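Position 1 is the first residue of the sequence, and the numbers go up from there. All of these numbers come straight from a predicted model, not from anything done at the bench.
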Amino acid sequence: MAFLRGDFTNSDAFVAFLGLDVRVRDSGKLTGKRKLTKQGDTEVRRLLHCAAMSASRHPVWRAFYQRYRDRGLHTTQALVILARKIARTAFALMKQQQEYCPAKLF
C-alpha cells in the first residue's frame, strides 16, 4: 500500500500524500472554492471513497457521516470527510501496529 512508500510524521502528511487534503485559494477579501489536491494515487483515493460509501451505512460510522449531513453538507462532501477519517484511522492502526477495534473510535 501507499503507506510503505514513505515514513509519515503524522496523519496530516499521510492524508496529503493520498491527495485528500484541501487546496485553499484565497486572496485578500476573496475566498475561493476549496478543492481536493488530488496529488496522490487515484486508485487509493477511489478505494477510500468506496470504503466511505460502504461505511456510511455501517452502524459504527453512520453517526459520524450523519453529523456532517445534518450540518448541511452535500453527500459527496460528507463522504470525502469520512474517507479522510478512514485514512487517518488506517494510519494510526499501521503506525501503532494495532488491530481495528470499533469500540475505541469515537
For Trp61 and Lys85, what are the C-alpha separation, side-chain angles and deciding distance, and is it a side chain to side chain contact (heavy atoms under 4.5 Å, CB included)? CA-CA 10 Å; Trp61 296 94; Lys85 179 71 170 179; 3.5 Å; yes

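- Put simply, CG on Leu82 and OG1 on Thr89 are 9.0 Å apart, with the number rounded to the nearest 0.5 Å.
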Run Leu79 and Met53 through side chain to side chain contact (heavy atoms under 4.5 Å, CB included) and show every step you take. CA-CA 7 Å; Leu79 286 174; Met53 285 193 298; 3.6 Å; yes

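- No donor-acceptor pair closer than 3.5 Å links the side chain of Ser54 to the backbone N or O of Ala51.
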From CA spacing to verdict: side chain to side chain contact (heavy atoms under 4.5 Å, CB included), Gln39, Arg45: CA-CA 10 Å; Gln39 293 295 316; Arg45 242 186 349 271; over 6 Å; no

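- In terms of modelled atom types and a separation under 3.5 Å, the side chain of Arg69 and the main chain of Tyr65 share no donor-acceptor contact.
- Nearest heavy atom pair, residue Ala83 against residue Ala52, reads N-CB, 3.8 Å.
- Formation of a donor-acceptor pair under 3.5 Å by the Arg84 side chain with backbone atoms of Leu20 is found in this model.
- Judged purely by atom type and a 3.5 angstrom limit, Gln77 uses its side chain to pair as donor or acceptor with the backbone of His74.
- Rounded to the nearest 0.5 angstrom, Leu18 CG and Thr42 OG1 are separated by 11.5 Å.
- Arg46 places none of its side-chain heavy atoms less than 4.5 Å from the side chain of His49.
- Atom CZ of Arg67 is separated from atom CD1 of Ile81 by 10.5 Å, given to the nearest 0.5 angstrom.
- Atom CG of Asp41 and atom CG of Leu47 lie 8.5 Å apart (nearest 0.5 Å).
- Taking CD of Gln96 as the start and CZ of Phe91 as the end, the distance is 9.0 Å to the nearest 0.5 Å.
- In this structure, Phe17 and Phe8 have tilted ring planes: the angle between them lies in the 30° to 60° band.
- Relative to the ring axis of Tyr68, Arg71 places its NZ or CZ within 45° and under 6.0 Å from the centre.
- The residues Asp12 and Arg88 are annotated as salt-bridged, a charged nitrogen and a carboxylate oxygen being separated by less than 4.0 angstrom.
- Considering every non-hydrogen atom in both Ala55 and Ile86, the closest pair reads CB-CD1, 4.0 Å.
- Annotation: side chain of Arg62 is not in contact with side chain of His58 (no heavy-atom distance under 4.5 Å).
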